[in-house]
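A quick write-up on the structure given underneath.
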Amino acid sequence: MSAGNAGSAWNDNIQSTYGFAPSGDILAAGYAKDVAREKAVFNKGCSLLANMQGDIDSKTWWKVRDQLRGTDVYSIRGAMLALNGVLPEGKKAEAAKAYKKVFQEMEALDLACKKKEQALATKENADLQEAIAAYK
């Protein structure tokens, strides 16, 4: 029996399956490099985040906070990590910093909505949109 590495999002070099040597071609070879689905998830989530100002203007705080926690928006985190993973080494540090900035701004917007401060929420929403644009 040959000990090897199993595939994951961080290790695409599959050498064995369940401790046995592979007997043929790996069907999903290179799957970590294909981020088309993650791009679609990211773009869908960004379009949802871009439309929150109306709820902030109407002071519908629960809806903004619910939108920030929604499945489509929450899945942005995984999509952004997958997108960062396929970048060239020279761009990974900058992308990781931009990724963190997006979620810091998202948390700041959530806090502003929790406090029910409209001016602060409007500012934080603008900051979030800038952070997303910078990430793109």
Side-chain angles (χ1 to χ4, degrees):
M1 216 181 321
S2 168
N5 297 325
S8 73
W10 302 277
N11 178 17
D12 197 28
N13 183 23
I14 301 173
Q15 297 174 358
S16 69
T17 55
Y18 299 105
F20 297 100
S23 60
D25 294 334
I26 302 298
L27 297 177
Y31 70 94
K33 303 287 184 243
D34 181 16
V35 291
R37 184 178 60 191
E38 285 81 0
K39 284 181 184 179
V41 168
F42 175 73
N43 290 331
K44 182 178 181 182
C46 288
S47 67
L48 292 171
L49 289 173
N51 297 322
M52 291 191 302
Q53 188 60 46
D55 293 326
I56 292 170
D57 293 340
S58 67
K59 297 183 180 181
T60 313
W61 306 118
W62 67 269
K63 193 170 182 183
V64 177
R65 294 186 77 202
D66 188 56
Q67 189 75 325
L68 291 174
R69 289 169 176 75
T71 303
D72 294 327
V73 173
Y74 188 76
S75 58
I76 287 178
R77 189 178 299 266
M80 290 173 77
L81 289 173
L83 292 170
N84 288 358
V86 298
L87 291 173
E89 285 301 320
K91 293 185 177 184
K92 284 188 179 186
E94 184 181 342
K97 185 177 176 183
Y99 161 83
K100 288 178 184 175
K101 179 73 172 166
V102 167
F103 286 96
Q104 286 172 349
E105 296 299 340
M106 195 177 291
E107 289 169 7
L109 174 58
D110 184 57
L111 181 61
C113 291
K114 183 178 180 181
K115 293 180 177 181
K116 299 181 180 181
E117 295 182 17
Q118 187 174 20
L120 181 60
T122 299
K123 177 207 170 289
E124 295 299 346
N125 187 41
D127 291 348
L128 175 61
Q129 300 309 319
E130 285 179 23
I132 290 171
Y135 178 82
K136 286 182 178 181

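Counting from 1, the numbers follow the sequence of the chain as shown.
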Applying the 4.5 Å side-chain criterion to the ILVMFWY set and letting contacts propagate, would Phe103 and Leu49 be lumped into a single cluster?
-> yes
About how many Å separate CG of Asp55 and SG of Cys113, when rounded to the nearest 0.5 Å?
-> 9.0 Å
Answer yes or no: is there a donor N or O on one side and an acceptor on the other, between the side chain of Asn125 and the main chain of Ala121, under 3.5 Å?
-> no
Report the distance from atom CZ of Arg77 to atom OG of Ser75, rounding to the nearest 0.5 Å.
-> 11.0 Å
Taking C-beta and beyond as the side chain, do Lys136 and Phe42 meet within less than 4.5 Å on heavy atoms?
-> yes
Would you say Asp57 and Gln118 make side-chain contact, with heavy atoms under 4.5 Å?
-> yes
Which heavy atom of Gly85 sits nearest a heavy atom of Lys92, and at what distance?
-> O-NZ, 3.3 Å
Is the NZ atom of Lys59 crowded by more than 12 outside heavy atoms at less than 6.0 Å?
-> no
With the side chain counted from C-beta on, respond yes when Arg65 and Trp62 share a heavy-atom pair under 4.5 Å apart, and no when they do not.
-> no
Is Met106 reachable from Trp61 through a run of hydrophobic residues whose side-chain heavy atoms are each under 4.5 Å from the next?
-> yes
Is a salt bridge present between Asp110 and Lys114, judged by a nitrogen-to-oxygen distance below 4.0 Å?
-> no
First locate atom CD of Glu107, then atom CG of Leu128, and finally report the distance between them rounded to the nearest 0.5 Å.
-> 11.0 Å
Is there a side-chain contact between Gln53 and Ile56, using heavy atoms and a 4.5 Å cut-off?
-> yes
Looking only at non-hydrogen atoms, find the nearest pair between Glu38 and Ala79 and report the distance.
-> O-CB, 3.4 Å
Shared hydrophobic cluster, Leu87 / Leu81 (ILVMFWY, side-chain heavy atoms < 4.5 Å) = no
Using a 4.5 Å cut-off on heavy atoms from C-beta on, say whether the side chain of Leu109 contacts that of Met52.
-> yes
Minimum heavy-atom separation for Tyr99 to Met80, with atom names?
-> CD1-CB, 3.7 Å
Answer yes or no: is there an ion pair linking Glu94 with Lys97, defined by an N-O contact shorter than 4.0 Å?
-> no
Decide yes or no for Ile76 and Val102: does some side-chain heavy atom of the first lie under 4.5 Å from some side-chain heavy atom of the second?
-> no
Can you tell if the side chain of Val64 reaches within under 4.5 Å of the side chain of Thr60, non-hydrogen atoms only?
-> no
